[in-house]
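Worksheet for the structure shown next.
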Amino acid sequence: MKEVNSGDVLSLCKRRGFIYPSYEIYGGIAGLYDYGPLGTQMKTNIMDLWRSIYALEEGFVEIDSDIVGPEMVFKASGHAENFQDLMVTCKLCGEGFRADHLAKDFHPNPGALSKKELGELIVRENIKCPLCKGDLSEVEEFNLMFKTKIGPGSGRIGYLRPETAQGIFVNYPNLYRYMRETLPFGAIQIGRAYRNEISPRQGVIRLREFNQMEAELFVDPVDKRWPRFSAVRDNKVRLVPNTDEVEIETTFGEALDKGIIAHETIAYFLWVTQRFLTKAGVDPKRMRFRQHLKTEMAHYACDCWDAEALLSYGWTEIVGIADRGAWDLTRHMQYSQADLTAFKRFDQPQEVERKAFKPKYGLLGPEFKARSAKVGKALEAADISLLKDGKVELDVDGEKLSISDKYFDIVDVKEKVNGVKFVPHVIEPSHGLDRILYTCLEHAYTLGEENYVTLNLTVDAAPIKVGVLPLMGKDDLDKKGMEIDRTLRERGIATYFDDSGSIGRRYARLDEVGTPYCVTIDYEVFENGTVTIRDRRTTKQVRVPESEVVHVIEQLLHGRPFEELIAKV
RNA sequence: GCAGGUGUAAUCUAGUGGUUAGGAUCUUAGCCUUCCAAGCUAAAGGCCCGGGUUCGAAUCCCGGCACCUGCACCA
């Protein structure tokens, strides 16, 4: 097989209506692409497949949250802070530069410098514009989020979301209640996200506007087992652990037992991901899971695996599966003051004995006057470990107070505890839909004899499921064809009716857009009432009665092997 | 963002400082055609954008935009 080249794939995508460069008549914009008729259908198919796995099989609930969000959300998420580069612009020619790049001749590690330090360095070393020697502006932050305003006038600052996940996190209290306050539970969202990439490249692999399918699973931090894992543990998987970065083939169970994968839940969703990708049409031989290096781990993650596909661009991340710990919910609790915890009821209420401060209100009153009640409450709430050298440091209405032990006793209190509140951990399988779609296309792209192109898309992904082809556009063959076409469509099957030109050309056209089956109506339909079904992969045909063709097609689309039909005939 | 390369029709491409930019594929119409890109006839469709040099620019120069490769970046 000849080497697949991304240019050939993108050329086909454009020619046959999968993907178009956006705003092409105005010269195009880097990092923006439109889906054409076939691409849109294929994207919908992949989304439906993913939904059927997460929503139906795994029981996740789906939401659809806003694309625009207020600044505070992204301060909490860390994107406002971590998601930016420091830039300077030339006052003369207006060109922009990364400040740390300009500083690299004057500092061993300019990437580590702050905005202020970089600004000072540029002034001190008298760094000028590398292009025109003009003076440089102050150091400014270039955030990779698209900024906007919410509302008229000065408005509130808003950003287009850089990932769909935050929409699920901020809805955690609603979803927790919806799920009747039981963990674990999962929520999914499919939607657009935006990153103002400095240098979009590689077709739809790095986009400025892209599609994500994200799942957020909320779990008990002390119980990351997964009941159904035992059913999948013997399946094979290719892993690249972060210990020695060598690819190994093993089973999910073995990788878990050896401690390569952190826990059952991650392991289970690696399997779910592998199954989903394979069904969508990613070649299992060109796919693996790579564990993030400790240094590479995102600002929130505590374990992370990428599903990678081998493309003409090299190994490319298409899904990320991260254990984000309590990071997101904790941050949103801090910034929003909302309660984003879960409550775990003990089997038996527990009697807990602990030491506590018992304020002596008789002495507090004269000393603290009107505030004494608040001081007392603060003491009661304070943990005994705060006691140091006979004093307790307290924060009362923002004021630090030091309370000496003559104002309280230390007593044993018995409390009945029904359960414990905790911040759930989040396991996140996050899918780049555009990358997955492109991977399916490239992995399906097959160049045969005389440059005959076949897209071996899976039945699930293929935008057109069945071509309906009368051998001739006359002698009532076309009428028969139209009847069959109509019936298939009434059953919800996407067809393409074509009675023009030679039959070979029509097969070729349909092969090129990945249509798995063709129904061909030839003259035998008038002799014995049969038509043929052609299989794209083998180009073999079987003959079935016209009355059964819809039923057989439905079976094929639900996974019945074509070979079985041949054997039967 | 840096360096290099490329830009001719939906796709692949030929071409030259000078008449009407050539071919192939694809598409459409008609004819023909009883299963894997057949044939005939006709039609439609193009020099990435802007500026400069020139009597004349698709061609040379500059700028922009897009794409490709490498580097950098990649929560």
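Sequence lines set the chain letters: A, B, ... in the order given, protein chains first and strands last, and positions in each chain run from 1.
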Of the candidate nucleotides B/rC26, B/rU69, B/rU34, which contains the atom at the shortest distance from the side chain of A/Arg509?
B/rC26

To the nearest Å, give me how far apart CG (A/Leu12) and C1' (B/rU11) are.
10 Å

Expressed as a whole number of Å, how far does the C1' atom of B/rU11 sit from that of B/rU53?
35 Å

Closest-nucleotide 5' rank along RNA chain B - winner of A/Arg534 and A/Tyr26
A/Arg534

Nearest to the A/Ala30 side chain among B/rC67, B/rC35, B/rU34, which nucleotide is it?
B/rC67

Identify whether any heavy atom of A/Pro162 sits under 4.0 Å from a base atom; if not, whether one sits that close to sugar-phosphate; answer base, sugar-phosphate or nothing.
base

Quick note, A/Met472 side chain, CB onward, closest among B/rA37, B/rC68, B/rU34 is B/rU34

Whole-Å distance between B/rA66 P and A/Glu24 CD?
13 Å

Check the pair A/Tyr523 / A/Glu527 against side chain to side chain donor-acceptor pair (under 3.5 Å), numbers first and verdict last.
CA-CA 7 Å; A/Tyr523 286 92; A/Glu527 294 157 22; over 6 Å; no

Classify the nucleic acid contact of A/Thr539 as base, sugar-phosphate or nothing, counting any heavy atom under 4.0 Å across all strands shown.
base

For the residue pair A/Thr530 and A/Asn528, confirm or rule out a side-chain donor-acceptor distance under 3.5 Å.
yes

So, does A/Ser502 get its side chain near the phosphate of B/rA38, meaning an N or O under 4.0 Å from OP1 or OP2?
yes

Looking only at B/rU11, B/rU33, B/rU69, the nucleotide nearest the A/Lys14 side chain is B/rU11

Name the closest nucleotide to the A/Gln541 side chain, picking from B/rA37, B/rC35, B/rC68.
B/rC35

Taking the side chain of A/Arg505 as its heavy atoms from C-beta onward, which of B/rC36, B/rU69, B/rA37 lies nearest to it?
B/rA37

Whether A/Arg534 engages the ring of A/Tyr507 as a cation-pi pair (distance to the six-membered ring centre under 6.0 angstrom, angle to the ring normal within 45°) should be assessed.
yes

Both distances below 3.5 Å, Watson-Crick or wobble geometry, any strand: find the nucleotide opposite B/rU53.
none

OH/A/Tyr23: more than 12 non-hydrogen atoms of other groups inside 6.0 Å
no

Angle between ring planes, A/Phe169 versus A/His332, binned at 30° and 60°: parallel, tilted or perpendicular?
tilted

If we call it a pair only when both distances are under 3.5 Å in a Watson-Crick or G-U wobble match, what pairs with B/rU20?
none

Complementary nucleotide of B/rC47, counting Watson-Crick and G-U pairs under 3.5 Å:
none

In terms of side-chain heavy atoms of A/Ile503, which of B/rC35, B/rU33, B/rA37 is nearest?
B/rC35

Is atom CZ of A/Arg486 surrounded by more than 12 heavy atoms (other residues, nucleotides or ligands) closer than 6.0 Å?
no

From OH of A/Tyr452 over to P of B/rC26, roughly how many Å is that when rounded to an integer?
13 Å

So, is A/Arg15 near the phosphate of B/rU27, with a side-chain N or O under 4.0 Å from OP1 or OP2?
no

Pairwise C1' distance, B/rG45 and B/rG22 [rounded to whole Å]:
15 Å

Between atom CD in A/Glu527 and atom C1' in B/rU34, what is the gap in whole Å?
10 Å

Nucleotide paired to B/rU59 in any strand shown, Watson-Crick or G-U, under 3.5 Å:
none

Complement of B/rU41, any strand, by Watson-Crick or G-U distances under 3.5 angstrom
B/rA29

Relative to the 5' end of RNA chain B, which residue comes earlier, A/Thr532 or A/Gly28, by the nucleotide with the nearest heavy atom?
A/Thr532

Using purine N1 to pyrimidine N3 plus N6-O4 or O6-N4 for Watson-Crick, or N1-O2 and O6-N3 for G-U wobble, both under 3.5 Å, which nucleotide pairs with B/rG70?
B/rC2

